[in-house]
Amino acid sequence: PAGPRVQLLRLAGSIALGRGHLDAAASALREARQEPPAGGGSFGSFEALILTELEVALLAAQGEVAAALATARRVLETSTAHAGGLKRFLWPLLATTARVACMATAPGCPDELTVLARGVLKLAAGHAASVQPVSPAGRAYRASYQAAARQATARQPSSPAAARQNATAWDGVASAWEELGEPYPQARALVDAAQAALAAGEDRGGVAGRLGKAADLADALAARPLRDEISSLAGRARISIAAETDGKSGSEATALPGLTGREIGRASCRERV
């Protein structure tokens, strides 16, 4: 049936995206949108939300960060489509949008991109304040949204204090997804926590431990883009994570002095945008 088929195509697209198969993800998105609307108007709005979340993530992965933010803004501005109980299905989109905003507000990113991101975040904040998650997964998405939004809107994002807060928030997000048995968002949050911990000047053994665990999770999922990001971050920071994947603790991993948090963030922005 059309309704379940759309949801399965969305899942297929998300898996393809996580594995770096962007053409397959785009194909799944197109196919899902060609399905006839299922059920009443509220179900159609639900389908639109989950497909928009995939589109935003896909555009960001393609390097089209401005287009990703514009797509999220267009949907978030349509408040009449998200009335009542349907609002709870906004959380995945809010979390993905906030993560893209982090990419657009990292040190070294163009000012116009940062302005666009902060405008979209204001829209997202209005929706986030008006709905409560009703499931453990919803609460994990909310934690992801809050951590990303806090990082993207920080007045002094490069300060050690702000970086420590970001690291703590992302560690909490990773724990929430781990409790739900969701390894991909857990690994994604561990990478964000590691980058924030580096910026805060945290002990590099802890950073290596996070990256090593994230690398193991990404390898098990064949999540090549995330695994490449982990290797890139470890390389820029001159941190070895090989020991972690050999079963040793993060504190035993080799950690060499490397780039500052600001330098790492600037390099990350160039890679993503």
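Atoms considered below: every heavy atom in the structure, side chains included; atoms not considered: hydrogens, waters and symmetry mates.
Linking ILVMFWY residues whenever their side-chain heavy atoms come closer than 4.5 Å, directly or via other members, leaves Leu217 and Ile230 in distinct clusters. Grouping the Ile, Leu, Val, Met, Phe, Trp and Tyr side chains by contacts below 4.5 angstrom, directly or via other members, places Leu9 apart from Ile15. Follow the hydrophobic side-chain contacts under 4.5 Å out from Leu59 and you never reach Leu54; the two are in separate clusters.
With no hydrogens or angles considered, no side-chain donor-acceptor pair links Arg139 and Ser135 at under 3.5 Å. Side chains of Arg164 and Thr168: a donor-acceptor N/O pair is absent below 3.5 angstrom, by distance only. Side-chain N/O atoms of Arg88 and Gln132 include no donor and acceptor closer than 3.5 Å. Between the side chains of Trp91 and Ser144, no donor N or O sits under 3.5 Å from an acceptor N or O. Looking at Gln151 and Trp170, their side chains do bring a donor and an acceptor atom within 3.5 Å of each other.
Side-chain atoms of Thr153 do not come within 3.5 Å of backbone N or O of Arg118 as any donor-acceptor pair. Listed for the Ser231 side chain is no donor-acceptor partner under 3.5 Å among the backbone atoms of Asp228. Under the 3.5 Å distance criterion, the side-chain polar atoms of Arg224 are left unmatched by any main-chain donor or acceptor of Gly18. Under the 3.5 Å distance criterion, the side-chain polar atoms of His127 are left unmatched by any main-chain donor or acceptor of Leu94.
Ionic pairing of Glu55 and Arg30 is not present here: no N-O contact between side-chain nitrogen and carboxylate oxygen is shorter than 4.0 angstrom. Taking the charged nitrogens against the carboxylate oxygens, Arg10 and Glu53 do have a contact shorter than 4.0 Å, which makes a salt bridge. Note on Glu182 versus Arg188: no salt bridge recorded, every NZ/NE/NH1/NH2 to OD/OE distance being 4.0 Å or above.
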Before giving the answer on side chain to side chain contact (heavy atoms under 4.5 Å, CB included), spell out for Thr52 and Arg74 the whole-Å C-alpha distance, their side-chain angles and the decisive distance to 0.1 Å.
-> CA-CA 10 Å; Thr52 298; Arg74 183 173 64 251; over 6 Å; no
Worked verdict on Leu198 versus Arg204 for side chain to side chain contact (heavy atoms under 4.5 Å, CB included) | CA-CA 7 Å; Leu198 276 172; Arg204 287 174 178 263; 3.7 Å; yes
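In this structure, the separation between OH on Tyr145 and OG1 on Thr96 is 13.0 Å, given to the nearest 0.5 Å. If you take CZ on Phe46 and CG on Leu51, they are separated by 9.0 Å, rounding to the nearest 0.5 Å. Atom CG of Leu211 sits about 8.5 Å away from atom CG of Leu190, to the nearest 0.5 Å.
Between Ala57 and Leu17, the closest heavy-atom pair is CB-CD2, 3.6 Å. Residues Leu58 and Ala26 approach most closely at CD2-CA, 3.7 Å, considering heavy atoms. For the residue pair Leu69 and Ala101, the shortest heavy atom distance occurs at CD2-N, 4.1 Å. Of all heavy-atom pairs between Val120 and Arg73, the closest is CG2-CB, 3.8 Å. Arg210 approaches Ala197 most closely through the heavy-atom pair NH1-CB, 3.5 Å.
Between Asp192 and Asn166 there is no side-chain heavy-atom pair separated by less than 4.5 Å. A heavy-atom distance below 4.5 Å is found between the side chains of Lys213 and Glu178. Side-chain contact between Trp177 and Tyr141 is present, with heavy atoms from C-beta onward closer than 4.5 Å. Glu47 places none of its side-chain heavy atoms less than 4.5 Å from the side chain of Glu35. The shortest distance between side-chain heavy atoms of Leu121 and Thr105 does not fall below 4.5 Å. Taking the side chain as every heavy atom from C-beta outward, Gln7 and Leu11 never approach each other to under 4.5 Å.
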